[in-house]
Amino acid sequence: MSNSKTLFDKIWDAHVVKQKEGYPDVLFIDRHFIHEVTSPQAFDGLRKRNIPVFNPKRTTATADHNVPTKDQHLPIREALSRHQVETLRKNCAEFGVELYDLGHPFQGIVHIIGPELGLTLPGMTIVCGDSHTSTHGAFGNIAFGIGTSEVEQVLATQCVLQHKPKTMRIEVNGKLEKGVVAKDIILYIISKISASGATGYFVEYAGSAIESLSMEARMTICNMSIEMGARGGLIAPDETTFNYIRGRKFAPQGEAFEKLVETWKQLKTDEGAVYDNVLIYNAADIAPMITYGTNPGMGIRITDRIPTAEELKEINEKASFTKSLEYMGLEPGSSLLGKPIDYVFIGSCTNARIEDLRLVASVVKGKKKSPDVEVWVVPGSKQVEEQARKEGLDKIFEEAGFELRSPGCSACLGMNEDKIPAGKYCISTSNRNFEGRQGPKSRTFLASPLSAAAAAITGRVTDVREFN
Amino acid sequence: MSKEKFITLKTTAVPLPVENIDTDQIIPARFLKATTREGFGENLFRDWRYDSESNPNPEFVLNNTAYKGKILVAGKNFGCGSSREHAAWALYDYGFRVVISSFFADIFKNNALNNALLPLQVSDTFLSKVFKTIEENSSAEIEVNLESQSVTLPDGASEKFEINPYKKACLMNGYDDIDYLLSLRDEIKEFDLTHA
Ligand code: SF4
């Protein structure tokens, strides 16, 4: 037997505190992020057991899911939302956890602030009571979402009990066509393997197309790993990674940092290491993608037509397929190009970083949005918002008639007042098109920031490659 | 902290033959604002169960008085999407103790097991049989035996299911993971010091 290990195995094995026959592994967690929605019951659990947070320095909190994206300086209007954010405040103060609250210059969507503050580093184990924790894996670490009982485990013991998942390697090789970006790569992969195709696996993304991506683009890819059922996804760290982290607020600095870089360089899959599954795709096959249904696996190239029930591979998927298209008000076999839309949402932990806003600005500069659509641009964090203003992107958005709001999860999940009305179509840069995700009876088309920007101008589903 | 113990259960079941039921359907985000674990059952499957004026949708199975019971039977890939444990709390709070499906999403499975809700995975063929049995007779009782890891239909058709032995012991004895982890505090402390 060879001793070759995958990157995933190396990081996992280095964090196992205890392994016992018949028991899940006790996995030590280096970094824990929390937010207002999935933490209150966990803190309550600590109070009931009368125990402190094991090591408060390893946990960082922010308010994002439930916060308004307008008038953030005012008290939150909605009573329940306000109570939840206040509860987070109280819990963090009582248990000594650092909180980047509304109004703090570091506040933002939890998966955006971790990386931008240098809290997310290679080789770590990272968890958060949120399925898109997989985002952090872009830095070559094991990052995955957990439930509230597990949040309580981490607060109480800095560990979670986990069974080691299987490993999958997804390679994308070659060069991307112009107009095709990271979001299209991941929507393409999910459309190929389905919304459950990677359940039970942890994915390592590799190949020349992945290596050529910026850190922010890599985050977009890892972010949506959960959308194919995977617990998480990771990418081996390289110079792009180290350059991104160097100098960030909470990252080690100077010599200490350069020493770490040397150890991080070892963080890669050994030659000959075996994965439980390997999938290989060609970047040239990927076009701008869009979803037509109510799970992220229901995606097509923007120029393709929606399949018909007869074309589906699995017979027993038909009922769900038909239900989904009825919900979306779409005809099987039809094309989405030219379909009028009502809203454009540019935001979420998938696509609300500065590069995403730059992509949008590059398409809309000097243009005006269609009068038939409403466009919300919700930056992922205070720092992203600041940067956008510094670069003058706010002016471009304003001239285009887009509304630049304050950071939060916003219409990604419609938990605050940013909801897409019933029956309306929204082209969204977020990650989920589930029924009612963006508001009761709302209809979501997932796409890239480029495609969303083009649609904002034309008021229709548009192939950004044909747009100028 | 101790939870309700689970050993066997014999009850009628509620069929929901839809695939890829995500946790946003089980409990929509706008109902996640509570800071306790109780009361989520009221909004279980909210947008399928009620229309926008909060009138019950007569076509949805939870509003059909013919179907009751502590077992929910659902299509493949149940519980995908958001990690919200509120989904497991809502199912439990409503009165379900078992969900039968041919496939569960990972995080949901953990969340359910941490809340005395058994995610019971059966084969596709057995799942079809379960649906058929309930459709033909809504008062058919399904028996779940955790000890022997088996699920049995009234006609005697039975299938074994898998469950991790540790989780099985937790469910049968009503323990939880934190009790176990807290017993390892010293070892973890040491680990914490050596992992800057
Ligand atoms: S932006 Fe959306 S997906 Fe990301 S953490 Fe917030 S709610 Fe979850």
Side-chain angles (χ1 to χ4, degrees), chain A residues 15 17-18 22-24 26 28 30 37-38 40-41 44-45 48-49 51 54-55 65-66 80-81 83-84 87 129-131 145-150 152-153 156-159 161 163 165 195-196 199-200 226 229 231 295 297 316-317 319-320 323 413-415 422 432 434-437 440-441, chain B residues 1 17-20 22-25 28-30 32-37 46-48 52 75-77 80-89 103-108 110-115 124 128 164-167 169 176-178 180-182 184-185 187-192 195-196:
Chain A
H15 287 84
V17 178
K18 196 176 179 78
Y23 279 64
V26 176
F28 186 81
D30 294 315
V37 178
T38 57
Q41 295 85 352
D44 268 352
K48 277 194 198 130
R49 290 176 208 258
I51 51 177
F54 186 89
N55 182 353
H65 279 65
N66 207 350
L80 288 172
S81 303
H83 176 67
Q84 213 167 36
T87 304
D130 188 285
S131 58
I146 55 177
T148 300
S149 295
E150 292 164 316
E152 188 182 335
Q153 293 175 24
T157 69
Q158 205 57 44
C159 289
L161 283 178
H163 294 282
S196 60
T199 303
I226 182 77
R231 205 56 196 283
N295 77 57
N316 46 13
E317 266 177 14
S320 303
K323 179 174 180 291
L413 87 169
M415 199 170 168
R432 286 186 175 142
F434 298 152
E435 283 185 27
R437 171 80 178 181
K441 302 271 183 300
Chain B
M1 269 178 295
V18 179
E19 297 190 341
N20 297 312
D22 57 78
T23 53
D24 273 81
Q25 306 318 314
R30 57 188 197 284
L32 305 184
K33 299 186 187 192
T35 53
T36 60
R37 288 176 193 236
R46 176 77 200 198
D47 292 339
W48 288 351
S52 45
K76 188 176 91 178
N77 200 25
C80 58
S82 156
S83 59
R84 60 188 68 162
E85 193 161 314
H86 312 66
W89 300 336
F103 197 80
F104 290 94
D106 276 337
I107 303 182
F108 175 80
N110 282 351
N111 287 343
L113 287 167
N114 281 334
N115 288 281
D124 281 319
S128 313
N164 170 265
Y166 166 75
K167 280 292 169 194
D176 76 13
D177 290 347
I178 299 190
Y180 170 55
L181 285 172
L182 284 173
L184 303 173
R185 245 185 111 81
E187 281 163 78
I188 301 172
K189 271 236 154 81
E190 197 160 318
F191 209 90
D192 188 32
H195 279 70

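In what follows, every chain begins at residue 1, and chains take the letters A, B, ... in the order their sequences are listed.
Chain B forms more heavy-atom pairs under 4.5 Å with one residue of A:D44, A:N295, A:T157 than with any other, namely A:T157. Contacts with chain B were tallied for A:G129, A:A156, A:G414, A:P440; A:P440 has the most, counting heavy-atom pairs under 4.5 Å. With respect to chain A, the highest number of heavy-atom pairs below 4.5 Å among B:D22, B:D47, B:T36, B:V18 belongs to B:D22. For the set A:G229, A:G436, A:S81, the count of heavy-atom pairs under 4.5 angstrom toward chain B peaks at A:S81. Contact tally against chain B (heavy-atom pairs below 4.5 Å) for A:T87, A:N66, A:I51: the top residue is A:N66. For chain A, the option among B:S52, B:A87, B:A34, B:P28 with the highest count of heavy-atom pairs below 4.5 Å is B:A34.
With a 4.5 angstrom heavy-atom cutoff, B:F104 touches chain A only via backbone atoms. For B:Q25, the part lying near chain A is the side chain, with the backbone staying farther off; criterion is any non-hydrogen pair under 4.5 Å. Contact annotation for B:L184: only side-chain heavy atoms (C-beta onward) come within less than 4.5 Å of a heavy atom of chain A. Only the backbone of A:I146 comes within contact range of chain B, judged by heavy atoms closer than 4.5 Å. A:H65 does not touch chain B: none of its heavy atoms, backbone or side chain, sits under 4.5 Å away. Of the atoms belonging to A:I226, it is side-chain heavy atoms, and not backbone ones, that fall under 4.5 Å from chain B.
Across every non-hydrogen atom of B:L181 and A:C159, the tightest pair is CD1-O, 3.8 Å. Closest approach of A:L413 to B:A29, counting heavy atoms only: O-CB, 3.5 Å. Among all heavy-atom pairs drawn from B:S83 and A:S131, the shortest one is OG-N, 3.2 Å. Contact record, A:G147 with B:E85: C-OE1, 3.1 Å, taken as the closest heavy-atom pair. Residues A:R231 and B:N110 come closest through the heavy atom pair NH1-ND2, 3.7 Å. Listed here is the closest heavy atom pair of B:R185 and A:F54: NH1-CD1, 3.7 Å.
No donor-acceptor pair closer than 3.5 Å links the side chain of A:S196 to the backbone N or O of B:N77. A:R432 places a side-chain N or O within 3.5 Å of a backbone atom of B:G81 that can act as its donor or acceptor partner. Remark: side-chain polar atoms of B:K33 are paired, donor with acceptor, to backbone N or O of A:M415 under 3.5 angstrom. Remark: the backbone N or O of B:L32 is paired with a side-chain donor or acceptor of A:Q84 at under 3.5 angstrom.
Considering CG of B:N111 and OG1 of A:T38, their distance stands at 10.0 Å, rounded to 0.5 Å. Between the CZ atom of A:F434 and the CG atom of B:N20 there is a distance of 8.5 Å, given to the nearest 0.5 Å. Note that OH of B:Y180 is 6.5 Å distant from CG of A:L161, once rounded to the nearest 0.5 Å. Interatomic distance, CG of A:L80 versus CZ of B:R30, reported as 13.0 Å (0.5 Å rounding). Atom CZ in A:F28 sits 4.0 Å away from atom CG in B:D192 (nearest 0.5 Å).
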request  = Would you sort out whether A:Q158 and B:F191 count as a side chain to side chain contact (heavy atoms under 4.5 Å, CB included), showing the intermediate values?
outcome  = CA-CA 10 Å; A:Q158 205 57 44; B:F191 209 90; over 6 Å; no

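Taking a 6.0 Å sphere around CD of B:E190, one finds it holds 12 or fewer heavy atoms contributed by other residues, nucleotides or ligands.
The closest side-chain donor-acceptor pair between B:D177 and A:Q153 falls under 3.5 angstrom.
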